Amino acid sequence: MSRICVAFFDAKPYDIQTFDPIRPDGWDFRYFREHLTANTVGLATGFDAVCVFVNDRLDAEVIERLRGGGTRLVALRCAGYNNVDLPAARGRIRVARVPSYSPHSVAEHAVALMLGLNRKTHRAYYRIRDNNFNINGLLGFDMFGKTAGIVGTGRIGACLATILKGFGMKVLAFDSFPAAELAESVGFEYVTLDQLYGQSHIISLHCPLTPETYHLIDERSLAKMRPDVMIVNTSRGQLVDTKALIRALKTRRVGYAGLDVYEEEADYFFEDLSGSTIADDALARLMTFNNVLITSHQAFFTEEALLNIATTTVENIAAFFEDRELVNEIAG
Ligand code: NAI
């Protein structure tokens, strides 16, 4: 195969450590720390492909300028592609993704958030470090016998349902395309969204971000939930109306929130900003609640997932430049 030059955007040390060892002979990988935006797209000039992540912005202008600079393929090293203007890409540039790399990684992280919030391990950790062995205020609840509501029973949602059944929970689910056989084999039940909201002690989001699911969790849906409900979002930040969530946390309508993603995460997540102040008031307010556990979009971050992402991305690029079928292409 001829020499292929790939520009990586938002490249972190762990990306380089995972991609470099599997770089095919003769290929050139260049790693840029910058996010891909209209301001940085010039860096991609002359590269055959760009490899991007969740917070790179592939809007119409960026796509047009990539094409103008000779780039023919956008290789997403993630599953979600809500950051790509697909209608703008159609016929201009091809786009491939990694549809599945480890649903376990995300499902297990959702469970880590649930257990952390429930048993308050984040608070216990700080108490013990301060020689405070008092357990007042750390009361949790048995997961066994409680009801979990899963929105989206694709790869990750199905994995989570299996884990939560293992805890002895009743699992309810909603999906626009219910999978009856899956429900039967795992032992969960499809219900309407309103039923799920009304009955679940824990609600976990695993559907993609689309115009239909934007602010799925808002004032209206929150009002239908059990008081003290736990909401876990490891999917996409914009599924949740953050301001409505903050209001519901203030009144204890929502008892706990586990957030691996945040509506305006692009300027914050994945960066070390310990020398700066947080200008985003909603994020700063969320960070003040001790019943909110925020992680920085790390649900995918396991060794197994990183390796799967890298090998599938390299295979996507190879398939495109060898004129083979691009099985992971995103249809515009
Ligand atoms: P998937 O495509 O296997 O499953 C998504 C499911 O959502 C499908 O069953 C689909 O029918 C359903 N769905 C679509 N629209 C819906 C709607 N309006 N209401 C209810 N269900 C709906 O996707 P997968 O692999 O399970 O990933 C789910 C999401 O997780 C991704 O879209 C991505 O945003 C997020 N994700 C987050 C990661 C992280 O590190 N935090 C890593 C990987 C994915």
Side-chain angles (χ1 to χ4, degrees), residues 10 12 14-15 52-56 76-84 86 97-114 149-164 171-183 186 188-197 200 203-218 221 231-240 257-263 265-266 268-270 293-310 312-313 328 330-331:
D10 196 12
K12 296 285 189 282
Y14 47 82
D15 293 314
V52 299
F53 196 49
V54 291
N55 289 325
D56 294 306
L76 293 162
R77 52 181 193 280
C78 54
Y81 50 87
N82 51 285
N83 52 337
V84 183
L86 285 181
R97 66 169 179 149
V98 183
S100 175
Y101 38 88
S102 169
H104 306 284
S105 65
V106 183
E108 289 172 14
H109 191 75
V111 176
L113 292 173
M114 288 172 197
I150 299 179
V151 182
T153 53
R155 283 167 284 244
I156 297 168
C159 205
L160 179 66
T162 309
I163 298 172
L164 297 182
V171 178
L172 304 178
F174 173 78
D175 197 298
S176 345
F177 303 95
E181 273 180 32
L182 176 74
V186 176
F188 66 82
E189 186 190 340
Y190 282 111
V191 292
T192 65
L193 255 188
D194 280 358
Q195 288 168 329
L196 184 150
Y197 291 149
S200 304
I203 295 175
S204 199
L205 306 178
H206 301 285
C207 56
L209 174 63
T210 62
E212 192 193 340
T213 60
Y214 176 81
H215 282 187
L216 182 73
I217 304 301
D218 62 5
S221 49
I231 294 175
V232 173
N233 186 10
T234 57
S235 202
R236 283 292 180 268
Q238 288 161 329
L239 295 180
V240 175
L259 306 173
D260 186 52
V261 287
Y262 166 62
E263 272 194 271
E265 70 180 46
Y268 293 94
F269 284 18
F270 304 111
L293 198 44
I294 302 175
T295 52
S296 183
H297 209 134
Q298 70 174 77
F300 75 100
F301 199 47
T302 65
E303 291 169 14
E304 293 79 2
L306 282 192
L307 189 60
N308 287 339
I309 288 171
T312 306
T313 301
N328 293 323
I330 307 167

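For the numbers below, each heavy atom of this structure counts, side chains included, while hydrogens, waters and symmetry mates do not. All ligand and atom numbering here is 1-based and tracks the order in the structure. Given the structure is predicted, the values throughout are model-derived calculations rather than measurements.
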Quiz item: Which protein heavy atom lies closest to atom 11 (O) of ligand 1, and at what distance to 0.1 Å?
Solution: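 Going atom by atom, the protein heavy atom closest to atom 11 (O) of ligand 1 ends up being Asp175 OD1, 2.6 Å.
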Practice problem: For atom 28 (C) of ligand 1, find the nearest protein heavy atom and state the residue, atom name and distance (0.1 Å precision). | Solution: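 Looking only at protein heavy atoms, the one closest to atom 28 (C) of ligand 1 is His206 O, 3.4 Å.
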Quiz item: With a 4.0 Å heavy-atom cut-off (strictly under), which part of Tyr81 contacts ligand 1: side chain, backbone, both or neither?
Solution: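 For Tyr81, no heavy atom sits under 4.0 Å from ligand 1.
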Self-check item: Pick from Gly154, Cys207, Ala299, Ala110: the one approaching atom 4 (O) of ligand 1 most closely through a non-hydrogen atom
Solution: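 Ranked by closest heavy atom to atom 4 (O) of ligand 1, first place is Gly154.
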Quiz item: Between Leu216, Thr234, Leu196, Val106, which one has a non-hydrogen atom sitting closest to atom 37 (C) of ligand 1?
Solution: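 Comparing heavy atoms across Leu216, Thr234, Leu196, Val106, the nearest one to atom 37 (C) of ligand 1 lies in Thr234.
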Practice problem: Would you please classify the geometry between the Phe300 ring and the Tyr101 ring as parallel, tilted or perpendicular, with 30° and 60° separating the classes? | Solution: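 Plane angle over 60°, so perpendicular.
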Quiz item: Touching ligand 1 at all, Ser100? Heavy atoms, strictly under 4.0 Å?
Solution: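 Ser100 does not count as a contact of ligand 1 under the 4.0 Å cut-off.
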Self-check item: ligand 1 contact by Pro103, heavy-atom criterion under 4.0 angstrom
Solution: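 False for this residue.
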Please list, in number order, the atoms of ligand 1 under 4.0 Å from a heavy atom of [X].
| X | answer |
| --- | --- |
| Thr213 | 17 (C), 18 (N) |
| Tyr101 | 42 (C), 43 (C) |
| Glu212 | 18 (N) |

Quiz item: Quick one: are Thr312 and Asn328 in side-chain contact, heavy atoms under 4.5 Å?
Solution: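 Thr312 vs Asn328: side chains touch.
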Self-check item: Test item: Val54 and Phe269 side chains (from C-beta on) under 4.5 Å apart, heavy atoms
Solution: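 Counting from C-beta outward, Val54 and Phe269 never come under 4.5 Å.
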Quiz item: For the atom pair CZ (Arg97) and OH (Tyr81), what is the distance rounded to the nearest 0.5 Å?
Solution: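 These two atoms lie 5.0 Å from each other.
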